[in-house]
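When a residue number appears, it is its place in the shown sequence, counting from 1. For the numbers below, each heavy atom of this structure counts, side chains included, while hydrogens, waters and symmetry mates do not.
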Amino acid sequence: KTWDVLEVASRYFRAGADKISIGSDTVVAAEEYLALQGKKTGKTSIETISHVYGAQAVVISIDPKRVYVKKKEDVANSRHVVVSLEEAQAGPNGERLCW
């Protein structure tokens, strides 16, 4: 059986939860939002749950991944912001840049 987002949320709330934490779908929703130039679809799990239970019922969780690079030209996607790192923050192979 496939579970609808509201079915899952409802089960959590009935079990006593006061908030739902959303992880991976947050990234998908953010990418969709940016692709649509800031327009909401109303179809993401974040929007669906918050529409029914209120915005206070949804918490998003993003675990950023740091990607180390030797030089800016190594970054294929121009959407990534490359930052310089202090020596103490250098990557495992001494990389001083990351996105």
Side-chain angles (χ1 to χ4, degrees):
K1 174 175 166 107
T2 302
W3 296 89
D4 176 80
V5 67
L6 288 178
E7 290 175 307
V8 174
S10 174
R11 286 177 176 254
Y12 279 113
F13 290 128
R14 284 193 310 247
D18 60 346
K19 296 187 185 318
I20 301 289
S21 178
I22 299 175
S24 299
D25 196 41
T26 301
V27 175
V28 174
E31 288 175 343
E32 186 177 274
Y33 180 78
L34 291 172
L36 295 173
Q37 299 175 353
K39 294 181 183 147
K40 299 178 187 177
T41 64
K43 297 178 183 178
T44 67
S45 57
I46 298 166
E47 293 171 285
T48 303
I49 295 170
S50 64
H51 178 73
V52 173
Y53 293 100
Q56 77 284 351
V58 182
V59 177
I60 61 169
S61 173
I62 301 173
D63 297 323
K65 177 181 175 186
R66 183 178 279 189
V67 176
Y68 297 98
V69 293
K70 294 247 182 228
K71 55 188 185 294
K72 287 185 178 185
E73 294 76 29
D74 292 342
V75 180
N77 190 332
S78 63
R79 289 187 346 189
H80 298 305
V81 177
V82 179
V83 296
S84 298
L85 301 170
E86 301 290 328
E87 188 173 342
Q89 296 177 315
N93 298 312
E95 300 93 342
R96 297 291 296 273
L97 297 170
C98 76
W99 59 265

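When all heavy atoms of Val5 and Ser45 are compared, the pair lying nearest together is CG2-CB, 3.4 Å. The nearest pair of heavy atoms linking Ala90 to Leu85 is CA-CD1, 4.5 Å.
Counting only residues at least two apart or in different chains, ring pair (Phe, Tyr, Trp, His ring centres under 6.0 Å) contacts with residues 45-99 comprise Phe13-Tyr53, His80-Trp99. Pairs engaging residues 67-82 under the salt bridge (Lys or Arg N to Asp or Glu O under 4.0 Å) rule: Lys71-Asp74 [sequence neighbours left out]. For residues 19-48, no pair satisfies ring pair (Phe, Tyr, Trp, His ring centres under 6.0 Å), with sequence neighbours left out.
Residue Gln89 holds its CD atom at 10.5 Å from OG of Ser84, rounded to the nearest 0.5 Å.
Residues passing the side-chain hydrogen bond (donor to acceptor under 3.5 Å, both in side chains) test with Lys65: none are found, sequence neighbours excluded. Remark: Glu87 pairs with Arg96 by the side-chain contact (heavy atoms from CB on, under 4.5 Å) rule, at least two apart or across chains. Applying the side-chain contact (heavy atoms from CB on, under 4.5 Å) criterion to Thr26, with sequence neighbours excluded, gives Ile22, Ile46, Ile60, Ile62. Taking Lys19 as the reference, Val59 meet the side-chain contact (heavy atoms from CB on, under 4.5 Å) condition, with sequence neighbours excluded. Residues satisfying the side-chain hydrogen bond (donor to acceptor under 3.5 Å, both in side chains) test with Arg14, not counting sequence neighbours, are Ser10. For Leu36, the side-chain contact (heavy atoms from CB on, under 4.5 Å) test picks out Glu32, Lys39, Thr41, with sequence neighbours left out.
Considering only heavy atoms from C-beta on, Val83 comes within 4.5 Å of Cys98 through its side chain.
Hydrophobic clustering places Val58 together with Trp3 (ILVMFWY residues linked when any side-chain heavy atoms are closer than 4.5 Å, directly or through intermediates).
A side-chain donor-acceptor contact under 3.5 Å links Asp4 to the backbone of Leu6. Between the Glu95 side chain and the Asn93 main chain, a donor and an acceptor come within less than 3.5 Å of each other.
Counted within 6.0 Å of CD on Glu86, heavy atoms from surrounding residues, nucleotides or ligands total 12 or fewer; the atom is thus considered open.
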